[in-house]
Undergrad: 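My questions will all concern the structure given below.
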Amino acid sequence: MGTTTSNLVTRVDSLMEQAKKDLTELVAHRSVFESPQLRAECAASAQWVAAAFGEAGVDCQVRETSDGSLAVIGHRPGAAGAPTVTLYAHHDVQPAGPLDLWHSDPFTLTDRDGRWFGRGAADCKGNVIAHLTALRALHSDLDCGLRVVIEGSEEAGGEGLEDLVRAEPGLFDSDMIIIGDTGNVAAGTPTLTTSLRGVANVRVRVDTLESAVHSGQYGGAAPDALAALIALLATLRDAQGNTTIDGVEANRTWTGAPYAQAQFRSDATILDGVDIIGSGEVADMVWARPAITVIALDAPATDDAVAAVRPVASAVLNLRVPPGEDPAALQQALVAHLHAHVPWNAKITVTAEATGSPFSAATDGPMYAHLMSAMSQAYGAEVVFSGQGGSIPLCSALAQASPRAEIALLGVEEPRCRIHAPNESVDPDEIRRTALSEAAFLLALSAGADS
């Protein structure tokens with residue numbers, strides 16, 4: 001073995017200019033899968049990723065999946081008896097959104113205030129580059145097996161890769177799967193995400209009239225569909241903001257790292273004087289309990305207001321499901337709640353949409369021990385465990401496809417990254433430390449394979 005832990009830091013540091021160049025090229029590909037007019041950009045992004053990992057020593061292929069997205073799948077066999085590690089990330093990104101809210105072009109990586117700005121700079125192209133930098137730092141000094149899985153439609157639901165996992169589980173057979181799509185609780189604090197909430201969405205529509213009618217002539221007795229929907233949605237939270245769905249418990253507590261209120265206020269951009277909602281600690285509310293959010297509402301725009309009683313109103317509800325709960329069961333409880341609480345005998349239609357399973361990692365295996373040691377060395381600090389309110393349904397699919405695998409979630413997406421928002425950015429030190437952590441972990445496994 002030519003690489004040692006002592007010179008690994010130097011190697012990673014020397015690769016940071018290359019990492020910036022890599023991220024600049026990758027961010028320039030507008031790989032928004034949910035925009036059909038950008039499919040050529042998605043293809044170019046996948047080809048770039050496959051070529052880059054090929055240069056780093058892992059032969060990769062671009063695979064079209066069932067939803068039409070392009071995943072990059074690679075494999076480098078290890079020495080006899082050596083463990084195999086899968087490195088996951090995704091190369092598709094969220095739409096940029098309103099361009100006037102960006103301080104620089106979203107698809108041109110821009111260095112500003114010590115951070116690199118651009119759509120996907122953190123979520124998740126920054127994690128792709130961290131994986132790539134780790135492999136480049138090791139050169140050929142690697143005896144463990146490697147698999148590379150870079151998804152092409154994660155931001156649009158990821159159904160294509162999930163189907164591929166179920167159809168060809170051998171492509172994902174591993175001893176350790178590193179999901180590079182989360183981040184540290186704060187920059188410089190090594191964090192493993194051990195809990196993910198699942199998701200269950202529903203669409204609800206309320207009908208009360210055959211047509212809109214004049215509010216002066218009929219308002220007061222004619223049932224307003226929008227008012228009925230607002231009253232119905234109000235039954236889903238109590239006065240403190242706790243989620244209140246009939247038959248669903250919402251009182252669990254989080255046992256990992258706490259989430260300080262002041263930090264949460266800053267991370268969530270809560271305005272001065274506005275309350276944090278819920279009766280539990282912040283970590284309880286965002287990691288351990290179900291949470292309902294109205295993510296869309298069909299109602300007249302204020303600029304188009306007319307004096308009319310509305311005949312129909314609709315909403316999309318996003319229910320986050322903590323580990324230990326069945327998303328389908330909670331979804332059905334939500335459907336039943338909506339039917340039970342609609343006011344004025346209004347006609348109601350509730351449509352259940354797709355669900356995603358929650359995930360809870362087992363952290364007591366040998367791979368976790370190696371990884372935590374590597375991360376502690378890279379950061380010079382002890383690893384903490386965190387939850388995440390977001391969902392990565394692929395975790396459950398991978399756990400079923402490779403039941404012996406330990407699954408760890410880490411990455412560059414600390415709170416200041418503002419993923420999914422305008423002016424998304426990444427701290428280059430988070431790329432460096434993530435790459436160093438992964439390189440040290442792989443080196444330790446390879447050293448064990450030699451012994």
Side-chain angles (χ1 to χ4, degrees), residues 1-28 48-49 51-58 76 85 87 89 109-118 120-144 146 148 150 178 180-192 370-384 408 410-414 416-417 425-447:
M1 299 288 293
T3 306
T4 64
T5 303
S6 59
N7 65 23
L8 199 55
V9 174
T10 302
R11 285 194 177 181
V12 171
D13 287 347
S14 71
L15 287 165
M16 287 307 296
E17 281 301 316
Q18 179 66 48
K20 185 178 183 181
K21 178 177 181 292
D22 291 337
L23 190 56
T24 299
E25 294 178 3
L26 192 52
V27 165
W48 188 98
V49 170
F53 279 97
E55 292 172 1
V58 182
R76 173 177 167 170
V85 176
L87 301 177
L109 194 72
T110 303
D111 192 335
R112 186 170 67 248
D113 301 325
R115 299 180 70 87
W116 298 343
F117 288 80
D123 183 22
C124 190
K125 292 178 176 179
N127 287 304
V128 173
I129 301 308
H131 289 333
L132 185 60
T133 302
L135 297 186
R136 285 180 167 157
L138 291 169
H139 297 295
S140 59
D141 298 329
L142 199 60
D143 287 337
C144 64
L146 273 177
V148 169
I150 309 297
I178 295 179
D181 193 15
T182 59
N184 297 330
V185 293
T189 301
T191 306
L192 287 169
H370 282 300
L371 181 59
M372 291 175 65
S373 175
M375 291 178 70
S376 294
Q377 292 178 34
Y379 284 82
E382 292 299 311
V383 174
V384 301
L410 52 80
V412 304
E413 301 166 29
E414 43 83 24
R416 291 185 62 198
C417 292
S425 69
V426 68
D427 182 340
D429 274 345
E430 292 294 276
I431 293 178
R432 181 182 65 84
R433 288 182 288 234
T434 299
L436 181 57
S437 297
E438 292 183 0
F441 168 67
L442 294 171
L443 183 64
L445 293 188
S446 295

Undergrad: Output, in order, the C-alpha distance, side-chain angles, deciding distance and verdict of side chain to side chain contact (heavy atoms under 4.5 Å, CB included) for Leu442 and Cys144.
TA: CA-CA 7 Å; Leu442 294 171; Cys144 64; 3.9 Å; yes

Undergrad: Please name the pair of heavy atoms, one in Gly114 and one in Pro428, separated by the smallest distance, quoted to 0.1 Å.
TA: O-CD, 3.3 Å

Undergrad: Go through Asp427 and Glu414 one step at a time and tell me if the side chain to side chain contact (heavy atoms under 4.5 Å, CB included) criterion holds.
TA: CA-CA 8 Å; Asp427 182 340; Glu414 43 83 24; 4.0 Å; yes

Undergrad: For Ser446 and Asp143, indicate whether the former's side chain and the latter's backbone hold a donor-acceptor pair under 3.5 Å.
TA: yes

Undergrad: Do His131 and Val148 touch side chain to side chain, with heavy atoms closer than 4.5 Å?
TA: no

Undergrad: Output the distance between atom CG (Asp22) and atom CE (Met16), rounded to the nearest 0.5 Å.
TA: 10.0 Å

Undergrad: Is the closest side-chain heavy-atom distance between Val128 and Phe53 below 4.5 Å?
TA: yes

Undergrad: Using every non-hydrogen atom in the two residues, find where Ala56 and Arg136 come nearest and quote the distance to one decimal.
TA: CB-CG, 4.2 Å

Undergrad: Between the side chain of Thr191 and the main-chain N/O of Val185, is any donor-acceptor distance below 3.5 Å?
TA: yes

Undergrad: Could you go through Trp116 and Thr24, starting from their C-alpha distance and side-chain angles, then the distance that decides it, and tell me whether this counts as side chain to side chain contact (heavy atoms under 4.5 Å, CB included)?
TA: CA-CA 9 Å; Trp116 298 343; Thr24 299; over 6 Å; no

Undergrad: With side chains defined as the heavy atoms from C-beta onward, is the minimum distance between Pro190 and Met372 less than 4.5 Å?
TA: no

Undergrad: If you take all heavy atoms of Asn127 and Ala122, which pair is closest and at what distance?
TA: ND2-O, 3.4 Å

Undergrad: Can you name the nearest heavy-atom pair linking Ala130 to Ala435, along with the distance?
TA: O-CB, 3.5 Å

Undergrad: Would you give the length of the straight line joining atom CG of Leu146 to atom CG of Leu445, rounded to the nearest 0.5 angstrom?
TA: 9.5 Å

Undergrad: Mind checking the CG-OG spacing from Asn7 to Ser14? Nearest 0.5 Å is all I need.
TA: 10.0 Å

Undergrad: Could you please spell out the steps behind the side chain to side chain contact (heavy atoms under 4.5 Å, CB included) verdict for Arg76 and Leu135?
TA: CA-CA 12 Å; Arg76 173 177 167 170; Leu135 297 186; over 6 Å; no

Undergrad: CD/Glu413 to OG1/Thr434 distance, rounded to the nearest 0.5 angstrom?
TA: 9.5 Å

Undergrad: Mind checking whether Asp13 and Arg432 have side chains closer than 4.5 Å, heavy atoms only?
TA: yes

Undergrad: Quickly, which of Ile129, Asp181, Ile150 forms a side-chain contact (heavy atoms from CB on, under 4.5 Å) with Cys124? Name it, please.
TA: Asp181

Undergrad: Heavy atoms, side chains only, cut-off 4.5 Å: are Leu132 and Glu55 in contact?
TA: no

Undergrad: Check each of Asn184, Asp429, Thr189 against Tyr379 using the side-chain hydrogen bond (donor to acceptor under 3.5 Å, both in side chains) test, and report the only one that passes.
TA: Asn184

Undergrad: Between Ala19 and Thr133, what is the shortest heavy-atom contact and its length?
TA: CB-OG1, 3.7 Å

Undergrad: Rounded to the nearest 0.5 Å, what's the gap from CG on Leu23 to CG on Leu109? Could you check?
TA: 4.5 Å

Undergrad: Which pair of non-hydrogen atoms, one from His370 and one from Ala444, has the smallest distance, and what is that distance?
TA: ND1-CB, 4.3 Å

Undergrad: Is Lys21 salt-bridged to Glu25, going by a charged N under 4.0 Å from an acidic O?
TA: yes

Undergrad: To the nearest 0.5 angstrom, please state how far the CZ atom of Phe441 sits from the CG atom of Leu371.
TA: 5.5 Å

